[in-house]
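Start at 1 and go down the list; that is how both ligands and their atoms are numbered.
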Amino acid sequence: MLNPKKMWGQNFLRNPRAARDIVAALQPAGDDIVLEIGPGDGALTRELVTLGRPVRAIEIDPELAARLRKTFGDKLDLVEGDATDAPLPEEPFRAAGNLPYNVATPIVRRVITNPNCRRAVFMLQKEVVDKIVARPSEEEYGYLSLFVRIYADARQLFTLPPNSFFPKPKVWSAVVLLDPVDRPLQSAKEDLVALVSWSFRMRRKTLANNLAGFRDLDKRGAEESIEAASFDPRVRAEALSLEQFDALATVIRSRG
Ligand code: SAM
């Protein structure tokens, strides 16, 4: 008998078609192996092992890990651990998972910034996917949209209602496809992440107000940098695209 544990975000997928669609979207190539985050009772795992590639999975719940070992035997390389800090594969991999909601965002960030990740297909709360795929000036656009865009292209594949899971979550879910990309940017990715993070500290404030205190900028220096990058000094962070943040980072860097 399954005894779902809330603290580990256990809402098990009960929609075989969605499981097949997630796995079909992975499209492993070359020597890619498959990584599953949070296999649970195996709804996705059953499909993943049919891909004919090594499948590694990271599951935190010892009870579920024992069940998975019994069900899948040597078809599954099961790591019992926490996917927020367990080692990720050293070889090229494609990741899939119906992610536990409480740690979904850190896991997305960790996977797409890993140099061996070739693609990730994740089920998340729809609200989080809306943030990931949002474009400048849309309500959901913010730090997470830009963070993901620095590292990957993101596309929503489909949504699922609460009754696709047991137990039923309170909210809708959505599946997002993430393809790591190397964009032609002037700035180092880590520098852009730092700038974007400061820029969205307080949503109601202007960009210049948020940037006072970033590196050696005071409010005046922030306004000058924003103007030098050809933006209105009263602009808000949510109006700027990644390329525009890149231009601003270049100006701030050139101030020394
Ligand atoms: N993949 C299964 C499915 O689709 O039915 C289970 C999905 S359930 C939403 C999330 C799974 O992640 C659970 O099995 C839970 O025990 C596991 N989990 C929760 N936190 C975790 C963590 N930090 N690291 C690894 N697994 C975790």
May I ask you to identify the nearest protein heavy atom to atom 26 (N) of ligand 1, giving residue, atom name and distance to one decimal place in Å? I60 N, 3.4 Å
Can you check side chain to side chain donor-acceptor pair (under 3.5 Å) on E36 and T45, steps first, answer last? CA-CA 7 Å; E36 184 180 4; T45 326; 2.7 Å; yes
If we number the atoms of ligand 1 from 1 as shown, the ones under 4.0 Å from a heavy atom of F12 are 5 (O), 6 (C)
Short N/O distance, under 3.5 Å, between T84 and ligand 1? no
Quick note on ligand 1: atoms under 4.0 Å from a heavy atom of G9 include exactly 8 (S), 9 (C), 10 (C)
Looking only at N/O atoms, are L13 and ligand 1 under 3.5 Å apart anywhere? yes
Could you tell me whether K189 atom NZ has more than 12 heavy atoms of other residues or ligands within 6.0 Å of it? yes
For ligand 1, find out whether one of its N or O atoms is nearer than 3.5 Å to an N or O atom of E59. yes
Salt bridge present between K5 and E63 (N-O < 4.0 angstrom): yes
So is G97 in contact with ligand 1, going by heavy-atom distances below 4.0 Å? no
Using a 4.0 Å cut-off to any heavy atom of P39, which atoms of ligand 1 qualify? 1 (N), 2 (C)
What I want to know is whether D82 and ligand 1 share at least one N or O pair that is separated by under 3.5 angstrom. yes
R255 bridged to E224 by N-O distance under 4.0 Å: yes
Nearest non-hydrogen protein atom to atom 19 (C) of ligand 1, with distance, is W8 O, 3.1 Å
Please identify which atoms of ligand 1 are closer than 4.0 Å to at least one heavy atom of I58. 25 (C), 26 (N)
Report yes if some N/O of N11 lies less than 3.5 Å from some N/O of ligand 1; otherwise report no. no
Ligand 1 atoms in contact with A83 (distance to a heavy atom under 4.0 Å): 22 (C), 23 (N), 24 (N), 25 (C)
Does Q186 offer a backbone N or O that forms a donor-acceptor pair with the side chain of D246 under 3.5 Å? yes
Subset of ligand 1 atoms that lie under 4.0 Å from at least one heavy atom of Q10: 13 (C), 15 (C), 16 (O)
Test: R135 and E138 ion pair at under 4.0 Å: no
Is it the case that the side chains of S199 and N210 hold a donor-acceptor pair, with the cut-off being a distance below 3.5 Å and no angle test? no
Return the closest protein heavy atom for atom 20 (N) of ligand 1 as residue, atom name and distance. P100 CG, 3.5 Å
Are R203 and E139 within salt-bridge range, i.e. N to O under 4.0 Å? no
Please determine if R109 forms a cation-pi arrangement with F147, meaning its NZ or CZ atom is less than 6.0 Å from the six-membered ring centre and no more than 45° off the ring axis. yes
Taking NZ, NE, NH1 and NH2 as the nitrogens, is one of them in D74 or R69 under 4.0 Å from a carboxylate oxygen of the other? no
Closest to atom 4 (O) of ligand 1 among protein heavy atoms sits N98 ND2, 2.9 Å
Under 3.5 Å between some N or O of ligand 1 and some N or O of G40? yes
Close side-chain approach of L88 and N116, heavy atoms under 4.5 Å: no
Between ligand 1 and G38, is the shortest N or O to N or O distance under 3.5 Å? yes
Please examine the side chains of F214 and I252, heavy atoms only from C-beta on, and report whether any two atoms are closer than 4.5 Å. yes
What part of A86, side chain from CB on, backbone N/CA/C/O, both or neither, has a heavy atom under 4.0 Å from ligand 1? neither
Give the atom numbers and elements of ligand 1 that come within less than 4.0 Å of a heavy atom of E36. 1 (N)
Heavy-atom contacts with L64 under 4.0 Å: which atoms of ligand 1 show up? List them by number with element. 14 (O)
Decide yes or no for R155 and L157: does some side-chain heavy atom of the first lie under 4.5 Å from some side-chain heavy atom of the second? yes
